[in-house]
Amino acid sequence: MSTRYNARASEPKWQKAWDEHATFRTREGAEAEGKPKYYVLEMFPYPSGKIHMGHVRNYTIGDVIARYKRARGHNVLHPMGWDAFGMPAENAAIERQTHPAKWTYENIATMRTQLKGMGLAIDWEREFATCDPEYYWHEQELFLDFLAKGFVTRKKSYVNWDPVDNTVLANEQVIDGRGWRSGALVERRELTQWFLKITEMADALLAGLDTLDRWPEKVRLMQKNWIGRSEGARVFFPLVGADSGAKLEVFTTRPDTLFGASFCAISPGHPLAVKLAESNPAIAAFLKEAALTGTTEAALEKVEKKGVDTGLKALHPFIEGHTLPVYVANFVLMDYGTGAIFGCPAHDQRDIDFARKYGLPVIPVVAPKDLASADRDAFLKEVAASAEAFTGDGIAVNSGFLDGLDVTAAKRAAIEKLEALKLGEGTVNFRLRDWGISRQRYWGCPIPVIHCPECGIVPVPHDQLPVRLPDDVTFDQPGNPLDRHPTWKHVACPKCNEPALRETDTFDTFVDSSWYFARFCSPKSAKPTERAAVDYWLPVDQYIGGVEHAILHLLYSRYFSRAMHQTGHLGLDEPFAGLFTQGMVTHESYKGEDGRWLFPEEVKFTNGEPVHVKTGERVTVGPIESMSKSKRNVIDPTSIIDEYGADTARWFILSDSPPERDVQWSEAGAEGAWRFTQRFWRLVTGEPEGLAAMGAPKPACFDDAAMALHRNTHRSLAAITDDLENLRFNRAVARIYELTNAISAFTPGTDVDAARWARREAIEFMVLAAAPMMPHLAEECWKELGHKTLVVDTAWPVADASLLVEDTVTMAVQVNGKRRDELVIARDADNKTIEAAALALEKVEKAIDGKAVRKVIVVPGKIINIVV
RNA sequence: GGCCCCUUGGCGAAACUGGUAUACGCAGCAGACUUAAAAUCUGCUUCUCGUAAGGGAGUGCCGGUUCGAGUCCGGCAGGGGCCACCA
């Protein structure tokens, strides 16, 4: 009997059943023997309070993969945890007078319940939060191992100081001169900080990208650009008029243009500039001015290139006796290369802007290849007089021993000469900086070292780990609560037993998320990792998350894997074999008459016009944007799950848009998905013609109608399988719609048994194929069909290859590339037969219009093109 | 400024390595059932000429390669992403 499917009653029932059967408990050892492993991981959430639609999309995608792989006979690891350290917990502590731990664990409890309500196939036994002492203890172990291996350094450096969050930020966390979280303008401060020497692995991280063939090209490119490898040379310009023997060290990617050099310039942050400023008021004033300039894009665009002459002269390495003026210039960056450049105005736009302003020579030394000598002279004259630099390829001119060489050869020759003269060397420079991991915050993993006045830096001995966060801290004043805690930092030096101080900085939270995927393999281990476990499970076969982590998190994790490989905690370098970056969930935004943003539930549509539910005022529909609290265009997943059920939410989020693209959440679309779950249920329960008994033998022969459905079922299954393998969920959804349409439209022929059998097969396949996406509904249907087992324990059906091809094919017939008719013909017909049949078609004959046929192209099974 | 991506009906989108463009869904229109509504079912829905049969145009724009281009190549326009005074 057909009744409505009641998701609210059904979903908790099946979640309980999976729980009781320990269905998603990971199988290990003998139980897993003979099965290939598959590790599916979604980027773990920050416990901010409640789940949002982005989480629903992320975890639905992962869940479909986990369930599909499980049905395909894989031993699946699909865990969940919490990226639980970080600033919001401290901000909440300040705002609500609560403890960060309390706030965090309460959020985790809420979000865990919400995620469980989605019916995710997760092994909850492996759950942990990065703020669990059990977890950060092992992070401290790792750090000490890194320290012993020399991966860690402590150095005084200029740091990005966020004045709102009162902490240091990594370069990666500064976006357009502002803190990535607070949005505050970042200041430069000099502090002593802990660093992980990620730059030492820059080349390895770059080379590794080429092996990641299951990563999006876009992400690999972003990482490549971020690492920013450039080959070039260091050039040492001897300084005249400074201390004897002093040399200015410069980095360049164009040593071939050295003969075109007309000045040198150093950054306002350069030690030489700082030193000169002590005795030169003009330079001091210039440094002050430069420090005031913002680093935002807008500020940089407005600022003109300025400099001040230091009066120093640099000796040209190749031209005997020739000197270049040395400037301090505002466009030279301290933290790229050596903080000093040589300027070659003819072939660099910034340099020519600078040269024109200060009346410096412009000497062209590269000319395009294959120019006649008169044309070349004209070209050189033009460049010398121009305001535009020539940055193209060519050959060296006016360059002494380099003349006639192309750019690449000239670079090589210039480097050889520099090395011979001991005035420079070939080198590789990276844009990537070392990773500063110190944070002056409470809610993070304590850095396990002790500062002893006698012994210096002393690692906390392993038997004294973990260094636990104290619970009794206050947030009533700015700064680090750990630093002002009355007792916590005072300890005896482990070496000399004299009074010493704990490090009060904590780790950047990106450290926590750089190895959690490895911890999931053995979350209860007394060591950071168990080699047997990580060797079995890693790499993660499919990692899923937002593109916003394309650089930071993924690069840090790749670095950590290499470091952990070298310390013996892991056996590989690349942790994520497959990466998928999903798009965002968007929604229309709404504005009231006074311009304030409105929540979707405050808006109703009458006759297509949006009005306010209560006041009836006119509402403007704003742009479709990523869901955000500020625009109020958010849909709470819980309200959707309460109203329609998790399956409907899962189904809708997978439909329509390809998963890598943004998907627009719409009320109409959600209702459509809900109508489909009902239709699906009716199809299973309300069979008009009846089904064959479960397990009934396949009839010996089928009539045409039954055979068509039988074929259709297998073709659909093959297509859905292929789509799921390639993460094309929107297409898999469309195929299931097509299959349900075919079942609805099925009219039995004369053979009643065949019809019932074919219909049962179609319905069972439909249920099994939809199960990864709508798991609860599938279980309910499966039971309705009389099965005593669970869908999750049922193997993925195999499509019968012999049913995928038909005896006849439909071919399009074109005349001069224009489709005129189609032809149904035997699949194995030879080209002659096909050609004759095509030419005999009435419409084709008409299109040929008596002209002579010049050529006939036959692509078997596809198309015939007749050229006249 | 550099590098990269995208552009297909009213909308989200399909179209495997060049081979019948618009599958599937949403929205819309018409009809059936119903006292009525909801729900459900059926049909139509790229544009255009035509009562129809049938014709013409059509994947952002211009050009090219090809028997054949949404797909490949060159240029342009619009939108987006990442990086950015990177030497």
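Labels below follow one simple rule: chain letters A, B, ... track the order of the sequence lines, proteins then strands, and each chain is numbered from 1. Quick caveat: nothing in here was measured; it's all calculated off a predicted structure.
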What nucleotide, of B:C3, B:A13, B:C41, holds the atom closest to the side chain of A:R682? B:C41
Does the pair A:R433/A:D335 count as a salt bridge with the N-to-O cut at 4.0 Å? no
Shortest non-hydrogen contact between A:N225 and A:R431, atoms and distance: O-CD, 3.7 Å
What's A:R820 touching, base or sugar-phosphate or nothing? Going by heavy atoms closer than 4.0 Å. sugar-phosphate
Could you tell me whether the side chain of A:E289 reaches within less than 4.5 Å of the side chain of A:N330, counting heavy atoms only? no
Whole-Å distance separating the CD1 atom of A:I551 from the C1' atom of B:A84: 12 Å
Donor-acceptor list for residues 666-673 of chain A side chains, cut-off 3.5 Å, not counting sequence neighbours:
unit_1: A:S666; atom_1: OG; unit_2: A:G669; atom_2: N; d: 3.0
unit_1: A:E667; atom_1: OE1; unit_2: A:H587; atom_2: NE2; d: 3.3
unit_1: A:E667; atom_1: OE2; unit_2: A:H587; atom_2: NE2; d: 3.4

Between A:E660 and A:S230, which is nearer to the 5' end of RNA chain B once each is assigned its nearest nucleotide? A:E660
Tightest non-hydrogen contact, residues A:K305 and A:R350, listed as CE-CG, 3.2 Å
Between A:A273 and A:L287, what is the shortest heavy-atom contact and its length? O-CD1, 3.8 Å
Counting side-chain heavy atoms from C-beta on, which of B:A39, B:G12, B:A87 comes nearest to A:S657? B:G12
What N/O pairs connect the protein and nucleotides 43-48 of chain B at under 3.5 Å? Give each pair on its own line.
none

Whole Å only: how far is the CZ atom of A:F354 from the P atom of B:A87? 18 Å
For the pair made of CZ in A:F652 and P in B:A13, what is the distance, rounded to whole Å? 11 Å
In whole angstroms, how far is the P atom of B:A23 from the CZ atom of A:R715? 17 Å
Side-chain N or O of A:R433 versus OP1/OP2 of B:C86: is the shortest distance under 4.0 Å? no
Does the side chain of A:K843 get closer than 4.0 angstrom to OP1 or OP2 of B:A53 through an N or O atom? no
Please report the distance, rounded to the nearest Å, between CG in A:D348 and P in B:G2. 13 Å
Short heteroatom pairs, N/O only, protein and nucleotides 63-74 of chain B, under 3.5 Å:
unit_1: B:C67; atom_1: O2'; unit_2: A:N865; atom_2: ND2; d: 3.0
unit_1: B:C67; atom_1: O2; unit_2: A:N865; atom_2: ND2; d: 2.6

Of the listed B:C83, B:A13, B:G19, the closest approach to the A:W226 side chain comes from B:C83
RNA chain B: 5'-proximal contact among A:R254 and A:A812 (nearest heavy atom): A:A812
Please work out whether B:G56 sits syn or anti, treating a glycosidic angle within 90° of 0 as syn. anti
For residues A:F331 and A:D351, determine if any side-chain heavy atom of one lies less than 4.5 Å from a side-chain heavy atom of the other. yes
Would you say the base of B:C85 and the side-chain of A:K305 have a donor-acceptor pair closer than 3.5 Å? yes
Could you check whether A:L221 gets within reach of a base, just the sugar-phosphate, or nothing at all, counting any heavy atom under 4.0 Å? sugar-phosphate
What integer number of Å spans the P atoms of B:A27 and B:U40? 11 Å
Distance check needed: B:G2 P versus A:R350 CZ, whole Å only. 13 Å
In Watson-Crick or G-U wobble terms, both distances under 3.5 Å, what is the partner of B:A69? none
Mind checking A:K862 for me? I need base, sugar-phosphate or nothing, with any heavy atom below 4.0 Å counting as a touch. base
In the structure shown, which nucleotide is the Watson-Crick or G-U wobble counterpart of B:C85, with both distances under 3.5 Å? none
What is the distance from CD of A:E231 to C1' of B:C86, rounded to the nearest Å? 16 Å
Heavy-atom side-chain contact between A:F680 and A:D647 under 4.5 Å: no
For B:U40, the Watson-Crick or wobble partner whose two distances fall under 3.5 Å: B:A32
From C-beta outward on A:N730, which listed nucleotide comes closest to its side chain: B:U20, B:A13, B:C82? B:A13
What pairs with A:N741 under side chain to side chain contact (heavy atoms under 4.5 Å, CB included), at least two apart in sequence or on another chain? A:R679
Which pairs would a plain distance check flag for residues 248-267 of chain A, meaning a side-chain donor or acceptor within less than 3.5 Å of a matching protein atom at least two apart in sequence or in another chain?
unit_1: A:E249; atom_1: OE2; unit_2: A:R234; atom_2: NE; d: 3.1
unit_1: A:T252; atom_1: OG1; unit_2: A:R254; atom_2: N; d: 2.8
unit_1: A:R254; atom_1: NE; unit_2: A:D256; atom_2: OD1; d: 3.0
unit_1: A:R254; atom_1: NE; unit_2: A:D256; atom_2: OD2; d: 3.4
unit_1: A:R254; atom_1: NH2; unit_2: A:D256; atom_2: OD2; d: 3.1
unit_1: A:T257; atom_1: OG1; unit_2: A:R254; atom_2: O; d: 2.8
unit_1: A:S262; atom_1: OG; unit_2: A:P361; atom_2: O; d: 3.0
unit_1: A:S267; atom_1: OG; unit_2: A:G269; atom_2: N; d: 3.1
unit_1: A:S267; atom_1: OG; unit_2: A:V332; atom_2: O; d: 3.1
unit_1: A:S267; atom_1: OG; unit_2: A:M334; atom_2: N; d: 3.4

Assess whether a salt bridge exists between A:R220 and A:E217, defined as any Lys/Arg side-chain N lying under 4.0 Å from an Asp/Glu carboxylate O. yes
Checking all strands, does A:V856 fall into the base, sugar-phosphate, or nothing category for heavy-atom contacts under 4.0 angstrom? nothing
Against the side chain of A:P658, the closest entry in B:U20, B:A39, B:A13 is B:A13
Should A:R715 and A:E806 count as an ion pair when the cut-off is N to O under 4.0 Å? yes
Could you point out which residue of A:N429, A:L432, A:L206, A:L205 forms a side chain to side chain contact (heavy atoms under 4.5 Å, CB included) with A:R229? A:L206
Watson-Crick or G-U wobble mate for B:A21, both contacts under 3.5 Å: none
Let's test this: given Watson-Crick or G-U wobble pairing with both distances under 3.5 Å, identify the partner of B:C47. B:G56
In the structure I gave you, are the side-chain heavy atoms of A:P600 and A:I635 within less than 4.5 Å of one another anywhere? yes
Can you build the contact string for nucleotides 24-30 of chain B? Use B for base contact, S for sugar-phosphate-only contact, and - for no protein heavy atom under 4.0 Å. SSSS---
Write down the partner of B:U8 under the Watson-Crick or G-U wobble criteria, each distance required to be under 3.5 Å. none
